Engineer: 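I am attaching a structure below and will ask some questions about it afterwards.
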Amino acid sequence: MRKSNIGEWSGILVYVECRKEKVHPVGRELIGEASRLAEELGAAVYAVAAGSGLDDIPSQLAGCPLEKLYLYETEDEYTPIVYEKIIAGCIEKLKPSIVLIGGTYEGRALAPRLAVAFESGLTADCTSLEIDTEGNLIQIRPAFGGNVMASIVTAHSRPQFATVRPGVMEPVFEDSLREPVIVRELVNLTDERFKVLEVKEAEGGDSITEQNILVVAGRGVRKKEDLEMLRELSELLGGKLASSRALVEKGWMSPQEQIGLSGNAVSPQYMITCGVSGTVQFMAGMKQTKNIIAINEDPTARIFEIAHYPVCGDLYEIVPELIERLKTQKGDDFTGIQI
């Protein structure tokens, strides 16, 4: 792509991923973050979506503080090459200073291609975004196994590309009275090298990302057999058992059950962590959780810094007591249980 003066680029563009005429939740999360950043920059927020059946997309984004919404109608299913051309064309036309893309399977394939096309930088899986005094985007993410928080700046090229995983940012709520300008275009681009014949959605109804209640097992669990105790607690609460990275590395839990940057980002209503120390990598994947109950013997455990209800004690004494109280309590409302 032809490079131009940095001063010519302004505003924030959010790529809104759509599948089967529905907006992926990460789209509203990114628009919410973009609106916060735009206030500091005094800039506008734009969104772009591509695919078939986009007529309902504006209503799904109702209330979002958007200046313009670009809709590129195409009959083809998502392919990185075709979508790169579509979104690159929008970027060339709009010249946004910042482009935010969801860290989904689709976004992870698309974002690097766009960054290469514009000869610019890309930071993947950001956990936080800020603006520096020069108006550059500070892209913050854990590094070196979560032991360091790296602040990355793309100072000499535009746009500045960043991906953010679903569940990391707070979604925007319907609080804007502004009606965005809708720009519709019909696209006839194809990738003749291959054709998508069929798309099947993976069964994910039991995923930890969709649960309102999670019990999380950490390094403090002594034996694999002890996980059954925590699984029983999660089932009594109507939730699911999840894990920190430590138990996945031991082979006790599956990667699909892991919370963290190398696992899943979750945002349940309630979470009970059992023996979880609270690494940066883990906490980046659950910081939007509404109510965190943390059980740990170590009073200096980092998880206590973000826990709403810190419990310093032995999980092997506390969890069996919780199970017994839940068994004797009628109904599924556990908010009255005293730890």
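Numbers here are sequence positions counted from 1. Everything numeric in this text was worked out from a predicted model, so none of it was measured.
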Engineer: Does E119 come within less than 4.0 Å of R158, counting only side-chain N to carboxylate O?
Structural biologist: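 No, no charged N to carboxylate O under 4.0 Å.
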
Engineer: Rounded to the nearest 0.5 Å, how far does CG of D298 lie from OG of S277?
Structural biologist: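 If I round to the nearest 0.5 Å, the distance is 8.5 Å.
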
Engineer: Could you check if a side-chain atom of E73 sits within less than 4.5 angstrom of a side-chain atom of S52, using non-hydrogen atoms only?
Structural biologist: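 SC-SC contact between E73 and S52 confirmed.
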
Engineer: Under the criterion side-chain contact (heavy atoms from CB on, under 4.5 Å), I'd like the reasoning laid out for V48 against L69: C-alpha separation, chi angles, the key distance, then a yes or no.
Structural biologist: CA-CA 6 Å; V48 57; L69 172 59; over 6 Å; no

Engineer: Go through the structure and list residues passing side chain to side chain contact (heavy atoms under 4.5 Å, CB included) with T104, not counting sequence neighbours.
Structural biologist: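 By the side chain to side chain contact (heavy atoms under 4.5 Å, CB included) rule, T104 matches E17, H24, V26, E106, P166.
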
Engineer: Test of understanding: clusters of I, L, V, M, F, W, Y form through side-chain heavy atoms closer than 4.5 Å, transitively. Do I152 and M149 belong to the same one?
Structural biologist: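 The answer is no; the residues belong to distinct hydrophobic clusters.
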
Engineer: Would you say NZ of K290 has more than 12 non-hydrogen atoms from neighbouring residues, nucleotides or ligands within 6.0 angstrom?
Structural biologist: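 Enclosed.
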
Engineer: Between L322 and V221, is there shared hydrophobic-cluster membership here, with clusters defined by ILVMFWY side-chain heavy atoms closer than 4.5 Å?
Structural biologist: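 Yes, because L322 and V221 connect within a single hydrophobic cluster, where side-chain heavy atoms sit under 4.5 Å apart.
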
Engineer: Please lay out, stage by stage, how R165 and E29 fare under the test salt bridge (charged side-chain N to carboxylate O under 4.0 Å, His left out).
Structural biologist: CA-CA 10 Å; R165 298 183 67 181; E29 295 168 11; over 6 Å; no

Engineer: List the steps and the verdict of side-chain contact (heavy atoms from CB on, under 4.5 Å) for L114 and I87.
Structural biologist: CA-CA 8 Å; L114 290 170; I87 307 306; 3.9 Å; yes

Engineer: Is there a donor-acceptor pair closer than 3.5 Å between any side-chain N or O of K287 and the backbone N or O of T127?
Structural biologist: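 Flag set: sc K287 to bb T127 pair under 3.5 Å.
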
Engineer: Any sub-3.5 Å donor-acceptor pair from Q258's side-chain atoms to S243's backbone N or O?
Structural biologist: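 No.
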
Engineer: Looking only at heavy atoms, what is the nearest atom pair of T154 and S120, with distance?
Structural biologist: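 In this case the closest contact between T154 and S120 is CG2-OG, 3.8 Å.
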
Engineer: Using modelled atom types and a 3.5 Å cut-off, is there a donor and acceptor pairing between side-chain atoms of N291 and backbone atoms of Q269?
Structural biologist: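 Yes.
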
Engineer: Is there a donor-acceptor contact under 3.5 Å from the side chain of T273 to the main chain of V276?
Structural biologist: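 No; judged by distance alone, with no hydrogens or angles, the pair does not exist.
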
Engineer: What heavy-atom pair brings V248 and S254 nearest, and what distance separates the two atoms?
Structural biologist: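 Closest pair (atom of V248, atom of S254, distance): CG2-O, 3.6 Å.
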
Engineer: Heavy atoms, side chains only, cut-off 4.5 Å: are L110 and P80 in contact?
Structural biologist: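 Heavy-atom side-chain distance check fails, nothing below 4.5 Å.
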
Engineer: Please enumerate all residues that pass salt bridge (charged side-chain N to carboxylate O under 4.0 Å, His left out) together with E40, with sequence neighbours excluded.
Structural biologist: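 Checked E40 against salt bridge (charged side-chain N to carboxylate O under 4.0 Å, His left out); matches are R36.
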
Engineer: Would a distance-only check, ignoring hydrogens and angles, find a side-chain to backbone donor-acceptor pair under 3.5 Å from R141 to S128?
Structural biologist: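 Looks like no, no N/O pair under 3.5 Å.
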
Engineer: Not counting sequence neighbours, which residues clear salt bridge (charged side-chain N to carboxylate O under 4.0 Å, His left out) with E21? List them please.
Structural biologist: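 Scan of E21 (salt bridge (charged side-chain N to carboxylate O under 4.0 Å, His left out), adjacent residues dropped) gives none.
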
Engineer: Indicate yes or no: at least one non-hydrogen side-chain atom of T289 is less than 4.5 angstrom from one of P268.
Structural biologist: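 SC-SC contact between T289 and P268 confirmed.
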
Engineer: Would you say CZ of R219 has more than 12 non-hydrogen atoms from neighbouring residues, nucleotides or ligands within 6.0 angstrom?
Structural biologist: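 Incorrect, the count does not exceed 12.
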
Engineer: Is L66 reachable from V164 through a run of hydrophobic residues whose side-chain heavy atoms are each under 4.5 Å from the next?
Structural biologist: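 Yes, V164 connects to L66 through the hydrophobic network.
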
Engineer: Could you tell me whether the side chain of I91 reaches within less than 4.5 Å of the side chain of P96, counting heavy atoms only?
Structural biologist: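 Result yes, sub-4.5 Å side-chain heavy-atom pair found.
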
Engineer: Would you please classify the geometry between the Y83 ring and the Y15 ring as parallel, tilted or perpendicular, with 30° and 60° separating the classes?
Structural biologist: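 Judged by the thresholds at 30° and 60°, the geometry between Y15 and Y83 is perpendicular.
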
Engineer: In the single-linkage hydrophobic clustering (I, L, V, M, F, W, Y; side-chain heavy atoms under 4.5 Å), do L230 and I318 co-cluster?
Structural biologist: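 Linked, L230 and I318 end up in one cluster.
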
Engineer: Measure from the side-chain N and O atoms of E249 to the backbone N and O of A246, and report whether any donor-acceptor pair falls under 3.5 Å.
Structural biologist: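 Here the side-chain-to-backbone pair does not exist.
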
Engineer: Under a 4.5 Å side-chain heavy-atom rule over Ile, Leu, Val, Met, Phe, Trp and Tyr, are L137 and V168 clustered together?
Structural biologist: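 In one cluster with L137: V168, yes.
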
Engineer: Once rounded to the nearest 0.5 Å, what's the spacing between atom CD of Q211 and atom CG of N264?
Structural biologist: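 Spacing of CD (Q211) from CG (N264) equals 11.5 Å.
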
Engineer: In the structure I gave you, are the side-chain heavy atoms of M229 and Y316 within less than 4.5 Å of one another anywhere?
Structural biologist: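 In contact.
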
Engineer: Verify, without hydrogens or angle tests, whether S151 (side chain) and I140 (backbone) share a donor-acceptor contact under 3.5 angstrom.
Structural biologist: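 Not confirmed, S151 side chain does not pair with I140 backbone.
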
Engineer: For the backbone of G313 and the side chain of E297, can you confirm whether one donor and one acceptor N or O come within less than 3.5 Å of each other?
Structural biologist: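 A pair under 3.5 Å: no.
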
Engineer: Do C274 and V216 have side-chain heavy atoms sitting under 4.5 Å apart?
Structural biologist: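 No, too far: nothing below the 4.5 Å cut-off.
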
Engineer: Ignoring hydrogens and geometry, is there a side-chain-to-backbone donor-acceptor pair from N296 to C312 under 3.5 Å?
Structural biologist: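 No, N296 side chain to C312 backbone: no donor-acceptor pair under 3.5 Å.
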
Engineer: So, for F304 and P310, which heavy atoms are closest and what is the spacing to 0.1 Å?
Structural biologist: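 Looking at all heavy atoms of both residues, the closest pair is CD2-CB, 3.4 Å.
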
Engineer: Do V280 and R302 touch side chain to side chain, with heavy atoms closer than 4.5 Å?
Structural biologist: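 The answer is yes; the side chains approach within 4.5 Å.
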
Engineer: Heavy atoms only: give me the nearest A44-E67 pair and the separation to one decimal.
Structural biologist: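 So the minimum-distance heavy-atom pair works out to CB-CB, 4.0 Å.
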
Engineer: Measuring from atom CD of Q160 to atom CH2 of W9, what distance do you get when rounded to the nearest 0.5 angstrom?
Structural biologist: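 CH2 of W9 is found 11.0 Å from CD of Q160.
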
Engineer: Return the minimal non-hydrogen interatomic distance between G107 and I101, and the atom names on each side.
Structural biologist: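 It is CA-CG2, 3.7 Å.
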
Engineer: Which pair of non-hydrogen atoms, one from G220 and one from L315, has the smallest distance, and what is that distance?
Structural biologist: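 Closest pair (atom of G220, atom of L315, distance): O-CD2, 4.0 Å.
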
Engineer: Answer whether the closest heavy-atom distance between the side chains of T163 and D125 falls below 4.5 Å.
Structural biologist: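 With C-beta onward as the side chain, the pair touches.
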
Engineer: To the nearest 0.5 Å, what is the distance between CE (M169) and CG (L30)?
Structural biologist: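 One gets 7.5 Å once the value is rounded to the nearest 0.5 Å.
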
Engineer: Answer with yes or no whether the side chains of Q256 and S207 bring together a donor and an acceptor at under 3.5 Å.
Structural biologist: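 Looking only at side-chain atoms, Q256 and S207 do not form any donor-acceptor pair under 3.5 Å.
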
Engineer: Looking at D314 and R222, is any side-chain nitrogen of the basic one under 4.0 Å from a carboxylate oxygen of the acidic one?
Structural biologist: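 D314 and R222: salt-bridged.
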
Engineer: Which distance, rounded to the nearest 0.5 Å, do you find between the CG of L227 and the CE of M253?
Structural biologist: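 Reported value, rounded in 0.5 Å steps: 6.0 Å.
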
Engineer: Salt bridge check, D226 against R231: does any charged N sit closer than 4.0 Å to a carboxylate O?
Structural biologist: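 Looking at D226 together with R231, the answer is no, because their closest N to O distance does not fall below 4.0 Å.
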
Engineer: Give the C-alpha distance, both sets of side-chain angles, the deciding distance and a yes or no for side-chain hydrogen bond (donor to acceptor under 3.5 Å, both in side chains) between Q139 and T123.
Structural biologist: CA-CA 7 Å; Q139 303 150 72; T123 302; 2.8 Å; yes

Engineer: Before you tell me yes or no, could you show the steps for I292 and M286 under side-chain contact (heavy atoms from CB on, under 4.5 Å), namely the whole-Å CA-CA distance, both residues' side-chain angles and the distance that decides it to 0.1 Å?
Structural biologist: CA-CA 9 Å; I292 304 168; M286 46 75 73; 3.6 Å; yes

Engineer: Are the side chain of E33 and the backbone of E170 linked by a donor-acceptor contact shorter than 3.5 Å?
Structural biologist: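 Checking the backbone N and O of E170 against the side chain of E33, no donor-acceptor pair under 3.5 Å is found.
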
Engineer: Salt-bridge test for K22 and D56: reply yes if a basic N is under 4.0 Å from a carboxylate O, no otherwise.
Structural biologist: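 No, this pair does not count.
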
Engineer: Begin from the C-alpha positions of E257 and L241 and carry the test side-chain contact (heavy atoms from CB on, under 4.5 Å) through to its verdict.
Structural biologist: CA-CA 8 Å; E257 297 168 308; L241 181 63; 5.7 Å; no

Engineer: Rounded to the nearest 0.5 Å, what separates atom OH in Y72 from atom SG in C90?
Structural biologist: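 The distance works out to 4.0 Å.
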
